[in-house]
Amino acid sequence: MESSLKSAALLEQMKKHLETDAGNELKEKVGLVYQLNIAPKKIGFNEEIFVVDLKEGKVSKGPYNGKPDATFSFTDDNFLSIAAGKMNPQIAFIRGAMKIKGSISAAQKFTPDIFPKPSKL
Amino acid sequence: MAMRDLINGGATCAVPGSSSSNPIGALANVMFGTSNKAEELKGLPSTGVSVPESSPDFRPDIPLSAIPGSEFETQQSRLPDARSNDFLRGFHSTDHVGFADAWDDVQRPPVLPPPHFAGSEARFSEFERIYDAPPVQPTWDGPPQRVLSSVLHSFVDSGRSGVPLRPVALPMLGLSEGDKQCIRDRSCILARHIYGDKSEDYISAQVNTLLQSLDIDSSRMRGPMPGQFREMEEYWNESQGPLIRPPGMVNHADKWITEFNQQRNNDNPDAWAQSFEQQHGANGWASEFEQEQNQMALGQLRGAAAPNMAMMEQSRMLAHTLSQNTNPNFQNSQFLQFVSKMSRGELIIDDNQIKPANTDWADEYQAQHNAGPASWADQFGQEQATRGWASEFAQEHQLEGSVDEKWVNEFSSKLNVNDWAEEFSNQVAGTDNWADAYDQYLGDEMLASRQKPKSRGVYEFSALNPYVGHPNPLKEGQELFRKGLLSEAVLALEAEVMKNQDNAEAWRLLGITHAENDDDQQAIAAMMRAQEADPTNLEVLLALGVSHTNELEQTEALSYLYQWLKNHPKYGTLAPPQQPDTLFYNDVARLYTEAAQLSPEDADVHIVLGVLYNLSREYDRAIGAFKTALKLKPQDYSLWNKLGATQANSIQSADAIMAYQQALDLKPNYVRAWANMGISYANQGLYDESIRYYVRALAMNPKADNAWQYLRISLNCASRNDMVEACDSRNLDVLQKEFPL
């Protein structure tokens, strides 16, 4: 997953995380496919697209082949803030820091606890 | 020793002659002589005297009780009050048999005659020799500043020597409320560092002893929640209080609450109000309101015109959408009016504040309420009781949603309005969410405003730094760092760099301390200042590389790691003389591989390689590099943590935990390693364990924002929503009690 985004590090971790027991539980608990359109600075510009597939337990780059349950658009920094629990997804949405397409009930399961937390050197 | 002077009638406080003429001395004699009475006295009501578990025993033929020095504690706990005397006098007035017995004992001369006392005297001096020898006994006179500092020193030293703190009688220090607050808060944090291996009870006993000596009300320490922004709030109130909070406003707020409570108590079955109450306590609203008042004053610095326009537009749309609903209840609701008012610009939202554009909002509310039963709360209650427009709304929405999916799609293309509704329907299901989200929104805003300068690399100093004016804060800071008192070392070092802005060493150590304290933003800010003062310092360059790696800032990290190589006396020649405009990862990595071949015995090169491989997410190589470095530097705790973090990031959590444990064995107060432990447990889905580690880290550094956020997530995942509020209000007392490690 070559990428200049900071989020790529987290998504890489997510990929490995999904192979663990905790990842398997996640598949059972959520079982949805999310597409993330992550922009370096401004939503909609130079987006890189990732798919977090919690049905199959995979993370991949590029648009989903089919219809994802929900698609999110945000900036690199905001995605990291949401995944780290710094920003509430609902608030991010109200502020326009996150855009959502697709099923809202699917979107509501997109919470910080599905992402592993990075450790610090 | 001041303590014994006090008891035996020594120079400082005594009536000359016999010790028995000193009432406190007499009391002490009684305590010594009839120590077995301590058990009886324990259960007496309202004495305010706490008797430690181990009752002191001074008979010379019996070995001394387990904890040396605890005798003094016992004495102290009875000492400081006239209440003890009242208490003894009180025996007369009661009929209780046990009391009478006790009184008789008191009246009799001490059971054991003076020779015995002399015997324990000998014990005393032996103690003094043993325990006083290493730390020089401070004196309690001189200017208040010095007295205070020696008291605090003896507090710190008591941790090192493992002897419980002995209380002292001090001259009046003239501490202000702010000072006391500061000492109270800091001694709590400090104590958790110093007595990391002791029980919570022991720690609080120690802190209480210290606070008692300083005449600080320790009860406030465990009072309800030291809120997140309290320090700032207090500071602000002190200087600006009357200006920003006109009493009238508060009164209105109070009235509102009273009214609200009344409404609730009457007959309204609405769960909403109750859950709000539960969450915030009866005064939660008021305090929130107050906080916002403060925020508002701050917020005026930020421009608000543009968001208002956007808000008007949003609410206009919303009002339009809502008015489509034909339910008459809903049409007449004040909520709709509220929204339409907002859309007409009669109400504006200014930095989270709902403010009337030209009328007094509170007045208006008052007037409306007086007008009759049409008050908003009332109406809400009624509707809730009859049917509840909210749930109706949700139902309708669901119906529509399932019948016609287009509805949703149509809206999402328009604006964000539909999602509001969507969200709203969700809130009805989980009533608490709304308040939660709002809370967090406020928190986020505050956080955002606090973090803005940080992300620009501007160092943020702590308020109320007691080391300002210290003769040699750098030395003090180094000493504190060596002892592992990180939060305290930060303050001392800040005092140094305030005095001496170009002290590269102080800035460097400050940066290192922040990194170990799990605050990379501050670490980066401090290290940048260090680099300004000393641009080629290798340790600074490496630390900057590491911190930027942690923040996932690849370009910056790469640049500092490159400069490390370039400025290194041995490897500098490897770098091309002309620095390339853009650094490519592969080039830098190649240079370091060369360097490692040049001197495979240099642990530093392997460390940098490990960091570089972290940047490129080649974790297996990074782990290899750190392991090589650890063979050369097995005592480097930060290296163990780096190994652990790398293993954790490549999802080898079990290995990571072993590495962190090594780091903590070498440095028990290493906040970052504690926090990382929590992360590793959380990533394995072991949320209960992770909570304990986060709480431990936060007890040592309550400013570690990341750990607070992770703690909240873990609490949610562990279904401990009952503790989320303690987390949001950053109430460590509650959390530590609930989640001991």
Side-chain angles (χ1 to χ4, degrees), chain A residues 1-26 29 70-71 76-77 80-105 107-108 111-121, chain B residues 310 401 408-409 412 416 418-420 422-423 426 433 436-438 440-441 444 447 515 518 520 546-547 549-554 610-611 614-615 617 638 641-642 644-651 653 656 672 675-676 678-680 682-687 705-706 709-710 712-714 716-717:
Chain A
M1 290 200 296
E2 270 310 304
S3 169
S4 58
L5 295 173
K6 294 190 234 173
S7 308
L10 178 65
L11 290 166
E12 185 104 21
Q13 196 184 347
M14 181 74 182
K15 190 177 189 172
K16 293 199 177 109
H17 181 64
L18 286 174
E19 293 162 11
T20 66
D21 291 347
N24 282 327
E25 280 172 33
L26 214 52
K29 206 177 97 188
T71 302
D76 201 10
D77 284 333
L80 287 175
S81 295
I82 290 168
K86 270 183 207 164
M87 199 192 268
N88 179 326
Q90 297 177 352
I91 298 300
F93 179 81
I94 293 170
R95 280 199 195 142
M98 173 165 89
K99 290 199 168 30
I100 306 176
K101 252 193 237 163
S103 150
I104 298 295
S105 63
Q108 273 161 353
T111 46
D113 57 279
I114 65 176
F115 291 99
K117 305 288 162 268
S119 305
K120 293 198 169 180
L121 297 181
Chain B
V408 173
N409 293 336
S412 53
N416 298 339
N418 75 306
D419 298 279
W420 179 87
E422 192 62 62
E423 202 174 38
N426 183 41
N433 281 354
D436 265 0
Y438 182 69
Q440 210 178 342
Y441 184 42
D444 283 351
L447 221 58
D518 209 28
D520 271 306
V546 171
S547 280
T549 304
N550 284 336
E551 297 293 296
L552 303 168
E553 288 155 354
Q554 188 162 20
V611 177
N614 260 288
L615 266 185
R617 302 195 288 278
S638 78
N641 178 65
K642 285 184 178 67
T646 310
Q647 289 169 328
N649 286 341
S650 69
I651 317 291
S653 297
R672 168 148 293 170
N676 276 341
I679 290 172
S680 279
N683 285 351
Q684 295 178 79
L686 303 169
Y687 297 110
D705 286 337
N706 276 330
Q709 286 140 13
Y710 294 165
R712 197 175 201 282
I713 295 172
S714 278
N716 276 325
C717 289

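Chain letters run A, B, ... following the sequence lines, proteins first, then strands; residues in each count from 1.
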Problem - Under 4.5 Å from any heavy atom of chain A - which part of B:D518 - result: side chain

Practice task
Heavy-atom pairs under 4.5 Å with chain A are the metric here; pick the option from B:L686, B:V611, B:D520, B:N649 that has the most.
Solution key: B:N649

Fill in the blank from the handout: With chain B, the option among A:A84, A:S7, A:A92, A:S81 that has the most non-hydrogen atom pairs under 4.5 Å is A:A84

Problem - Under 3.5 Å: donor-acceptor pair, side chain of A:D113, backbone of B:C717 - result: no

Practice task
Counting only heavy atoms closer than 4.5 Å, note whether A:E25 contacts chain B via side chain, backbone, both or neither.
Solution key: neither

Exercise for the section: Answer yes if the side chains of B:N641 and B:N676 hold a donor-acceptor pair under 3.5 Å, and no otherwise. Expected result: yes

Handout entry: Per-residue contact mode, B:Q647 against chain A (heavy atom under 4.5 angstrom)
Key = neither

Exercise for the section: Given side chain to side chain contact (heavy atoms under 4.5 Å, CB included), test A:K99 with A:T71 step by step and report yes or no. Expected result: CA-CA 8 Å; A:K99 290 199 168 30; A:T71 302; over 6 Å; no

Exercise for the section: Pick one of side chain, backbone, both or neither for A:D21, based on which atoms fall under 4.5 Å of a heavy atom in chain B. Expected result: neither

Practice task
Go through the atoms of B:A648 and report whether side chain, backbone, both or neither lie under 4.5 Å from a heavy atom of chain A.
Solution key: both

Problem - Most chain B-contacting option - heavy-atom pairs closer than 4.5 Å, from A:A22, A:S4, A:A107 - result: A:A22

Practice task
Between chain A and each of B:T646, B:T549, B:N614, count heavy-atom pairs under 4.5 Å; write down the option with the most.
Solution key: B:N614

Problem - Contact class of A:L80 relative to chain B, heavy atoms under 4.5 angstrom - result: side chain

Exercise for the section: Answer yes when A:D77 and A:K86 have at least one side-chain N-carboxylate O distance shorter than 4.0 Å, and no when they do not. Expected result: no

Exercise for the section: Using the side chain to side chain contact (heavy atoms under 4.5 Å, CB included) rule, take B:I713 and A:K117 through it: C-alpha gap first, then chi angles, then the decisive distance, then the call. Expected result: CA-CA 10 Å; B:I713 295 172; A:K117 305 288 162 268; 3.5 Å; yes

Practice task
May I ask you to decide if B:S680's main-chain N or O and B:Q684's side chain share a donor-acceptor pair within less than 3.5 Å?
Solution key: yes

Handout entry: Under 3.5 Å: donor-acceptor pair, side chain of B:N550, backbone of A:L121
Key = yes

